[in-house]
Amino acid sequence: MTAQNHYKSNLRDIFFNLFEVLKIQEGTLGKGVYSHMDEETVRSTLEGYEEFCQKELAPSWALSDRVPLELDKETGNVKLPPPVVRSIRTTLEQGWPLLNLPEHLGGSGAPHSVAWSAFELTAGANAAVAFYLLGPLIAHIIDRLGTEEQRKRFAKPMIDNQWGGSMVLTEPDAGSDVGAGRTKARQVEGGVWEIEGVKRFITNGDFDAADNIIHLVLARPEGAGPGTKGLSMFIVPKFWVNEDGSLGERNGVYCTNIEHKMGIKASATCEMTFGERHPARGFLVGEVHDGIRQMFHVIEHARMAVGAKSMATLSTAYLNALEYAKIRVQGPDLLRATDKTAPRVRIIEHPDVRRMLMLQKSFAEGMRALTLFTASVQDGVELKGGHGSGDSDELDKLNDLLLPLVKGYCSEKVYELLAVSLQTYGGSGYCQDYPIEQYIRDQKIDSLYEGTTHIQALDLFFRKIVRDGGSTLRGLMGRIEATLGEVDAKGPLAVEHAAMSRALADLQGIFMTMPQKLQESLYHVGFQGNRILFALAEVVIGWLLLRQGAVAAERRETATDKDRDFYQGKLAAIRFYARNVLPGVTLTRKLIEQGTLELLEVPEGAF
């Protein structure tokens with residue numbers, strides 16, 4: 001396996017999640033807004049897309065790292081490596097990014113669980129390409145939030161003409177403090193506004209694989225208040241869009257710099273300047289000043305995408321490392337280490353390599369379970385009337401609670417685990433002959449953008465747990481307790497049942513401890529927030545792996561030889577995880593209980 005044909009998918013595990021554990025064929029497909037889809041359609045669609053990703057997206061991945069982007073500062077146009085342009089255009093031409101879009105926009109109306117399964121294949125094969133496919137989502141957001149005129153002018157033309165899209169939040173001096181943004185908006189005539197300011201770190205701010213790019217931009221209208229509440233969201237096209245959807249003159253938004261990055265180099269990370277050369281005109285989304293709330297429709301999708309990208313990267317990294325371990329011969333069996341005549345064995349026969357492989361496997365499959373469980377919750381929201389409807393409120397809040405786990409935990413933990421993937425290769429992993437070193441560089445950004453890990457932790461604690469008095473968290477814990485009630489505590493998963501019960505009790509202990517800590521100072525959340533995020537994620541992943549283990553234990557008895565190995569792998573994953581990961585929650589509880597604020601008293605000079 002070389003970097004040029006790097007991608008190893010795991011459609012068998014995706015299908016296991018969808019149809020054997022989540023059972024979307026019973027609870028989602030054929031119901032309500034998904035009444036037009038069935039299991040056979042989903043299977044054939046994902047099988048076809050897996051083949052497409054292997055043939056059309058994976059080959060341009062290594063080249064995307066080797067061939068630099070080019071910025072023409074006169075025109076503000078960014079040129080991508082030609083193979084990447086071809087991958088983007090081919091994907092759009094075949095309509096794959098429309099899988100999740102409603103049918104009235106030309107989409108397939110697939111459930112979120114199916115769409116995120118497809119996104120895993122895209123991101124695993126070529127993450128840069130995955131992010132260039134944002135245009136259909138931006139069109140969907142405009143279709144949901146825009147006025148009738150805006151929908152007609154932008155949404156359908158974006159789909160029909162395969163235009164690109166971007167979300168434009170960050171500013172040079174503000175960073176993650178979005179509310180400190182200084183980009184201004186001034187209404188000039190009718191519904192037209194002019195935007196002035198500089199934005200930074202804008203993914204896909206410009207690229208040459210689309211005839212137009214529609215930016216959703218946060219800016220502060222004249223006279224608006226401070227902070228995020230004073231921000232509004234505007235539709236700002238690269239080329240002006242006439243009332244009939246045709247293209248007009250160049251608009252006054254230009255890419256003025258591109259970042260030279262550690263990884264994911266083909267994804268253009270742009271400085272975007274509005275209104276410097278000539279007016280950057282746009283429209284207020286929905287003709288309402290509700291920018292940050294509107295932008296969160298995009299932000300939440302982006303956070304889910306980042307977590308799914310990390311999971312997809314770990315999955316292919318693990319499968320690459322596994323293949324290498326099966327063919328690389330080095331050293332004798334440990335029991336014959338002193339015997340100079342002992343035959344050399346494949347490294348998969350060494351205990352430490354097996355430990356590293358199972359560590360990667362259990363987390364890759366556990367994170368896939370977390371991602372697709374979250375996606376299934378999103379399916380439930382749609383079936384109950386959609387985001388914001390009264391009937392979907394409970395599932396809406398559960399989805400909100402899970403998103404920091406998908407984004408924050410997966411992105412942070414995968415970076416650590418990719419080092420284990422590289423270690424499996426030994427020195428070869430450090431070379432570009434194999435894909436692991438690029439995986440590490442391409443993935444590290446995931447813990448930084450769309451809200452750093454600690455921002456995710458604070459969001460989880462304050463907005464998703466404290467704000468509703470812990471009600472949603474208790475509901476999630478109730479689901480875990482229900483599974484523990486269903487799994488035989490004295491059966492084949494007895495050890496795993498006991499480990500999950502102990503971890504859940506320790507997690508509950510953590511949340512009982514924090515109110516006492518908060519009486520002393522909010523700084524305790526600053527010190528312990530990441531630990532809380534990680535502990536909750538690891539318990540939820542353990543729960544999902546236990547559910548998978550219960551299914552596998554039942555199906556293994558009547559399975560074919562190939563499937564029996566698959567189910568045996570599921571049992572091995574939860575057994576390893578229960579013994580090697582879940583005990584860490586007990587340690588986390590002790591660390592939080594014993595946490596102090598002493599570090600705040602250390603003088604800066606001591607650092």
Side-chain angles (χ1 to χ4, degrees), residues 17-18 21-37 42 99-105 107-119 136-137 139-146 151 233 285-286 288 290 292-305 307-308 369-407 456 459-460 462-480 482-483 536 540 543-544 547:
N17 277 273
L18 293 179
V21 179
L22 297 171
K23 297 183 178 180
I24 67 168
Q25 72 275 24
E26 297 176 10
T28 302
L29 302 177
K31 304 288 193 301
V33 292
Y34 306 126
S35 60
H36 60 294
M37 301 204 82
V42 171
L99 191 61
N100 190 223
L101 259 61
E103 292 179 286
H104 74 268
L105 285 178
S108 301
H112 295 279
S113 52
V114 177
W116 285 115
S117 297
F119 182 85
L137 173 70
H140 192 194
I141 298 298
I142 294 172
D143 184 65
R144 291 175 63 182
L145 304 179
R151 289 195 290 271
M233 189 164 80
V285 175
V288 295
D290 196 19
I292 197 66
R293 189 186 302 272
Q294 292 173 329
M295 186 61 85
F296 257 94
H297 288 272
V298 193
I299 292 171
E300 289 178 356
H301 177 93
R303 288 179 173 177
M304 183 83 170
L370 172 62
T371 302
L372 292 182
F373 171 69
T374 304
S376 75
V377 171
Q378 295 166 9
D379 290 346
V381 170
E382 296 297 333
L383 289 171
K384 287 184 175 293
H387 177 75
S389 72
D391 291 343
S392 69
D393 185 62
E394 183 179 342
L395 289 177
D396 253 334
K397 290 179 178 177
L398 178 57
N399 177 62
D400 288 345
L401 178 71
L402 292 168
L403 281 177
L405 278 59
V406 174
K407 194 286 179 190
Q456 300 296 321
D459 176 64
L460 170 71
F462 288 117
R463 292 196 180 97
K464 311 303 171 59
I465 296 175
V466 173
R467 181 173 288 180
D468 77 346
S471 175
T472 304
L473 177 65
R474 288 192 296 273
L476 178 59
M477 289 181 174
R479 290 175 180 246
I480 298 173
T483 297
L536 178 57
V540 171
W543 163 56
L544 295 170
R547 292 206 312 174

Correct closest heavy-atom pair for Asn17 and Ala369 would be OD1-CA, 3.4 Å
Side-chain H-bond candidate by donor/acceptor type, His104 with Asp143, under 3.5 Å: yes
Contacts of Val288 meeting side-chain contact (heavy atoms from CB on, under 4.5 Å) (sequence neighbours excluded), chain-then-number -> Asp290, Gln294
Donor-acceptor contact present, side-chain [X] to main-chain [Y], <3.5 Å:
{"X": "Ser117", "Y": "Leu372", "result": "no"}
{"X": "Asp379", "Y": "Ser113", "result": "yes"}
{"X": "Asp400", "Y": "Lys464", "result": "no"}

**Item:** Parallel, tilted or perpendicular: ring planes of His301 versus Trp116, cut at 30 and 60 degrees
**Value:** tilted
When you compare the side chain of [Y] with that of [X], does any pair of heavy atoms fall below 4.5 Å?
{"X": "Arg479", "Y": "Leu398", "value": "yes"}
{"X": "Met295", "Y": "Ile141", "value": "no"}
{"X": "His297", "Y": "His387", "value": "yes"}
{"X": "Leu536", "Y": "Leu473", "value": "yes"}
{"X": "Leu460", "Y": "Gln456", "value": "no"}
{"X": "His112", "Y": "Tyr34", "value": "yes"}

Side-chain donor-acceptor contacts of residues 24-33 below 3.5 Å, not counting sequence neighbours, with atom names and distances?
from: Gln25; atom 1: NE2; to: Phe19; atom 2: O; distance (Å): 2.9
from: Lys31; atom 1: NZ; to: Glu26; atom 2: O; distance (Å): 2.8

His36 meets the ring pair (Phe, Tyr, Trp, His ring centres under 6.0 Å) criterion, sequence neighbours left out, with none
